[in-house]
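Because the structure is predicted, anything quoted here is derived from the model rather than measured. Just so it is clear, the values below take in all heavy atoms, side chains as well, and ignore hydrogens, waters and symmetry mates.
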Amino acid sequence: MEKFLIKGSSSKGVKGLINCSGAKNAVLPLMASSILFDNTVTLINVPLGANDVQTMITLLKSLGSKVQIIKNKKTLKITNKKKHKLLVKYKYISTMRAGVLAMGALLGKYNKCSTALSGGCSLGPRPIGYHLAGFKKLNCKYSLNKGYINIVSPSGIKGGHFRFPKVSVTGTSNLILASVLANGITTLKNISIEPEVLDLIKFLRNGGARIYNIGKRTIKIFGVKKLNGHQHEVIGDRIEAFSYLCAAAITKGKIKIKKINPKHLTTELKVLKKIGCNIKVEKSSIELNRKNNLKTTNLKTAPYPGFATDCMPMLMAVLTKAVGKSKIEETIFTNRYMAAPELVRMGAKINIKKSIAFIIGQSNLNGADCISSDLRSTFAIILGAMAANGESCISRIYHGLRGYSNLYNNLKKIGVNIKKKS
Ligand code: EPU
């Protein structure tokens, strides 16, 4: 299992340019949605190096999609040659929760599917109760058998009304996928308006779907008979961009991220400015230059446009270097502080009480052996290691490789003293 050895320094700032990848959390629903299309779907700017994307390719192939990978162009061409299989196996759902997105697409196209039920993950329980309650409103019935949810709509998916009790990103995408080809009109309320969900809506609309915004978090979907495959460029990965900005923030460095829409990080950039980073944005780039000492802050995570839960672990790492007391409240997942005990091994002072992290920032961290246990905490631990004096050995890096393309090369490129160890 791959490990990273990082020799950090409290006095050497990272420097350089990162070309942001396409967003993992945008491309996974786009790929799942390909099931609904009549002809070839072409996706460009695909983060092919993110392992979740490879898992989704295998999942789609297992259902019968033809997937062509054009590596040097970061492109996928997905074609539905024949009828899909209607079974999404546990091995895909257990390694990548976004596998549940195939459910909405298969239902939308075939009115029927069987999908392994995801259990929890290291972030805490990952229920799909809202997805199922929404499918029920679209004229479906479901039952659980041997760990698989069997859903069927014997008389076909019909438009319906559903209000999400709490904003859910994949829940929103799944219900959109199930309803674009439905008979009649669907209204979805309290939906996620994450940029990745809006990217899916844009893609479906360009293929002929009739999806209308009728309020800040409400859409109306008029079912259409078919969707036409077309080419779509995946948006830049705001979480990846934020992660590398934090590398400059924690090491007093300077970094420019290209191929990212700064508007997708409005709240997060405000926080980075508030804690003392200089930020310059252009139409599709963000530059962070930290010259001053870091300042403390208090914040809560929230659905977009609030501060993203996916950015929180990296910010927590940065705040370990802001002298004084900071406070973070995580409002989305129950177990999102997995990086904290590892940062504490480096000398950070972080106290977790239920959903709140109290961080007492200090100027020095020291390298230590650490274990990563989820995607974003991997990057948070890497940040700690970069800013710590001495060597850190981080194991279970595969968690990070699920979502970060080119992680090792990018870190090397910005000047991190890093080696791989097996
Ligand atoms: N929830 C329910 N019932 C449901 C669905 C969700 O109670 O049926 C709750 C969840 O337990 C959680 C909250 O609603 O408390 C939000 O969960 P959401 O459904 O929005 O999460 P998700 O769609 O499973 C996506 C991203 C995550 C990201 C979250 C929150 C993808 C593939 N995953 O997950 O990304 O943290 O939204 O923004 O888009 C990551 O990339 O590292 C990652 C974990």
Trainee: Going by side-chain contact (heavy atoms from CB on, under 4.5 Å), name the residues that satisfy it together with Pro47, two or more places apart in sequence or in a different chain.
Mentor: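 side-chain contact (heavy atoms from CB on, under 4.5 Å) list for Pro47, sorted by chain: Ser21, Val27, Ala50, Val53, Ser405.
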Trainee: Whether the side chain of Thr55 engages the backbone of Asn51 through a donor-acceptor N/O pair (distance < 3.5 Å, no angle test) should be reported.
Mentor: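 Yes, the answer is positive, given that a donor and an acceptor are paired below the 3.5 Å cut-off.
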Trainee: Between atom OH of Tyr148 and atom CG of Leu117, what is the distance when rounded to the nearest 0.5 Å?
Mentor: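 Separation between the atoms: 10.5 Å.
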Trainee: Between Asn45 (side chain only) and Val234 (backbone N and O only), is there a donor and an acceptor less than 3.5 Å apart?
Mentor: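 Confirmed, Asn45 side chain pairs with Val234 backbone.
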Trainee: Can you tell if the side chain of Glu2 reaches within under 4.5 Å of the side chain of Leu401, non-hydrogen atoms only?
Mentor: yes
Trainee: Please name the residue in the list Ile359, Ile350, Leu319 that meets the side chain to side chain contact (heavy atoms under 4.5 Å, CB included) test with Leu343.
Mentor: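 For Leu343, the side chain to side chain contact (heavy atoms under 4.5 Å, CB included) test succeeds with only one of Ile359, Ile350, Leu319, which is Ile350.
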Trainee: Assign the ring pair Tyr304 / His264 to parallel, tilted or perpendicular, where the plane angle (0 to 90°) is split at 30° and 60°.
Mentor: perpendicular
Trainee: To the nearest 0.5 angstrom, please state how far the CG atom of Leu43 sits from the CZ atom of Phe203.
Mentor: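 Separation between the atoms: 5.5 Å.
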Trainee: Treating Lys420 as the side-chain partner and Phe4 as the backbone partner, does any N or O pair qualify as donor plus acceptor under 3.5 Å?
Mentor: no
Trainee: Answer yes or no: is there a side-chain heavy-atom contact under 4.5 Å between Phe307 and Met312?
Mentor: yes
Trainee: Is it the case that over 12 heavy atoms from other parts of the model lie below 6.0 angstrom from the CZ atom of Arg396?
Mentor: no
Trainee: Determine, step by step, whether Ile78 and Ile57 satisfy the side-chain contact (heavy atoms from CB on, under 4.5 Å) criterion, reporting the C-alpha distance in whole Å, the side-chain angles of both residues, the deciding distance to 0.1 Å, and the verdict.
Mentor: CA-CA 9 Å; Ile78 310 174; Ile57 291 173; over 6 Å; no
Trainee: Once you round to the nearest 0.5 Å, how far does CZ of Arg290 lie from CG of Asn293?
Mentor: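 Result: 6.5 Å between the selected atoms.
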Trainee: For the residue pair Leu177 and Leu204, establish whether any side-chain heavy-atom pair is separated by less than 4.5 Å.
Mentor: yes
Trainee: So Val46 and Thr75, side-chain contact (heavy atoms from CB on, under 4.5 Å) or not? Walk me through it.
Mentor: CA-CA 6 Å; Val46 176; Thr75 294; 5.9 Å; no
Trainee: Is a side-chain donor-acceptor pair under 3.5 Å present for Ser372 with Ser377?
Mentor: no
Trainee: Checking the side chain of Asn298 only, and the main-chain atoms of Lys327 only, is there a donor and an acceptor separated by less than 3.5 Å?
Mentor: yes
Trainee: Is Arg336 salt-bridged to Asp310, cutoff N-O under 4.0 Å?
Mentor: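 Counted as a salt bridge, because a side-chain N and a carboxylate O are separated by less than 4.0 Å.
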Trainee: On a heavy-atom basis, which atom in Lys3 and which in Cys393 lie closest, and how many Å separate them?
Mentor: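 The pair with the smallest heavy-atom distance is CD-SG, 3.8 Å.
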Trainee: Hey, are His84 and Ser65 close enough side-chain-wise for a donor-acceptor pair under 3.5 Å?
Mentor: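 Yes, because at least one side-chain N or O of Ser65 sits under 3.5 Å from a partner of the opposite role on His84.
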Trainee: Out of Thr115, Thr170, Val100, which residue meets the side chain to side chain contact (heavy atoms under 4.5 Å, CB included) rule with Ile128?
Mentor: Val100
Trainee: Does some side-chain heavy atom of Leu17 sit less than 4.5 Å from a side-chain heavy atom of Ile255?
Mentor: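 Answer no - side chains too far apart.
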Trainee: Looking at Lys109 and Asp38, is there a salt bridge between them, counting it only when a charged N and a carboxylate O are closer than 4.0 Å?
Mentor: yes
Trainee: Shortest non-hydrogen contact from Ile328 to Tyr337?
Mentor: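 The pair with the smallest heavy-atom distance is O-OH, 3.2 Å.
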Trainee: Is there a donor-acceptor contact under 3.5 Å linking the side chains of His131 and Asn174?
Mentor: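 The answer is yes; a qualifying pair exists.
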Trainee: Measure across Glu240 and Asn410 and return the closest heavy-atom pair with its distance rounded to 0.1 Å.
Mentor: OE2-ND2, 4.3 Å
Trainee: Between Leu411 and Met386, does the side-chain contact (heavy atoms from CB on, under 4.5 Å) criterion hold? Intermediate values first, please.
Mentor: CA-CA 10 Å; Leu411 291 170; Met386 278 180 205; 3.5 Å; yes
Trainee: Just verifying a value: how many Å separate Ser392 OG and Leu365 CG, rounded to the nearest 0.5 Å?
Mentor: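 Atom-to-atom, Ser392:OG and Leu365:CG are 9.0 Å apart.
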Trainee: NZ of Lys74: more than 12 outside heavy atoms within 6.0 angstrom?
Mentor: no
Trainee: Are Phe222 and Tyr212 an aromatic pair, judged by ring center distance below 6.0 Å?
Mentor: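 Aromatic pair counts; centres sit under 6.0 Å.
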Trainee: Centroid separation under 6.0 Å, is that true for the rings of Phe379 and Tyr404?
Mentor: yes
Trainee: Just by distance, do the side chain of Glu330 and the backbone of Ile332 share a donor-acceptor pair under 3.5 Å?
Mentor: yes
Trainee: Is there a side-chain contact between Lys254 and Glu287 in this structure, where contact means two heavy atoms from C-beta onward sitting under 4.5 Å apart?
Mentor: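 Yes - at least one pair of side-chain heavy atoms lies under 4.5 Å apart.
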Trainee: Can you tell me how far apart CG (Leu315) and CG (Leu272) are? Round to the nearest 0.5 Å.
Mentor: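 Separation between the atoms: 6.5 Å.
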Trainee: So how far is it from Ser62 OG to Leu59 CG, rounded to the nearest 0.5 Å?
Mentor: 5.0 Å
Trainee: Considering only NZ, NE, NH1 and NH2 on the basic side and carboxylate oxygens on the acidic side, decide whether Arg238 and Glu196 come within less than 4.0 Å.
Mentor: yes
Trainee: Could you pull out the closest heavy-atom pair between Thr172 and Ser192, with the gap in Å?
Mentor: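 In terms of heavy atoms, the two residues are closest at OG1-N, 3.0 Å.
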Trainee: List the atom of Val318, the atom of Ala249, and the distance in Å for their closest heavy-atom pair.
Mentor: CG1-CB, 4.1 Å
Trainee: So does Ser34 get a backbone contact from the side chain of Asn80, meaning a donor-acceptor N/O pair under 3.5 Å?
Mentor: yes
Trainee: When you compare the side chain of Ile235 with that of Asn261, does any pair of heavy atoms fall below 4.5 Å?
Mentor: no
Trainee: Which of parallel (below 30°), tilted (30 to 60°) and perpendicular (above 60°) describes Phe164 and Tyr130?
Mentor: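 Taking Tyr130 first and then Phe164, their aromatic rings stand perpendicular (interplane angle over 60°).
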Trainee: Hey, is the main chain of Lys220 close enough, under 3.5 Å, to the side chain of Thr187 for a donor-acceptor pair?
Mentor: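 Judged by distance alone, no pair lies under 3.5 Å.
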Trainee: I'd like to know if the side chain of Lys413 reaches the main chain of Ile18, judged simply by a donor and an acceptor atom lying under 3.5 Å from each other, with no hydrogens or angles considered.
Mentor: no
Trainee: Take Phe242 and Ile286, measure what side-chain contact (heavy atoms from CB on, under 4.5 Å) needs, and give me the verdict at the end.
Mentor: CA-CA 10 Å; Phe242 183 82; Ile286 307 171; over 6 Å; no
Trainee: Can you check whether Ile371's main-chain N or O pairs, donor with acceptor, with Glu342's side chain at less than 3.5 Å?
Mentor: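 Yes: the side chain of Glu342 pairs with the backbone of Ile371.
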Trainee: Check whether any side-chain heavy atom of His232 lies under 4.5 Å from a side-chain heavy atom of Asp199, and answer yes or no.
Mentor: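 When only atoms from C-beta onward are counted, Asp199 and His232 do touch, with a gap below 4.5 Å.
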Trainee: Donor-acceptor pair, Lys216 side chain versus Ile193 backbone, under 3.5 Å?
Mentor: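 Answer holds: no.
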Trainee: Which heavy atom in Gly403 sits nearest to a heavy atom in Leu375, and how many Å separate them?
Mentor: N-CD1, 3.5 Å
Trainee: Do Leu86 and Ser114 come close enough that some side-chain heavy atom pair is under 4.5 Å?
Mentor: no
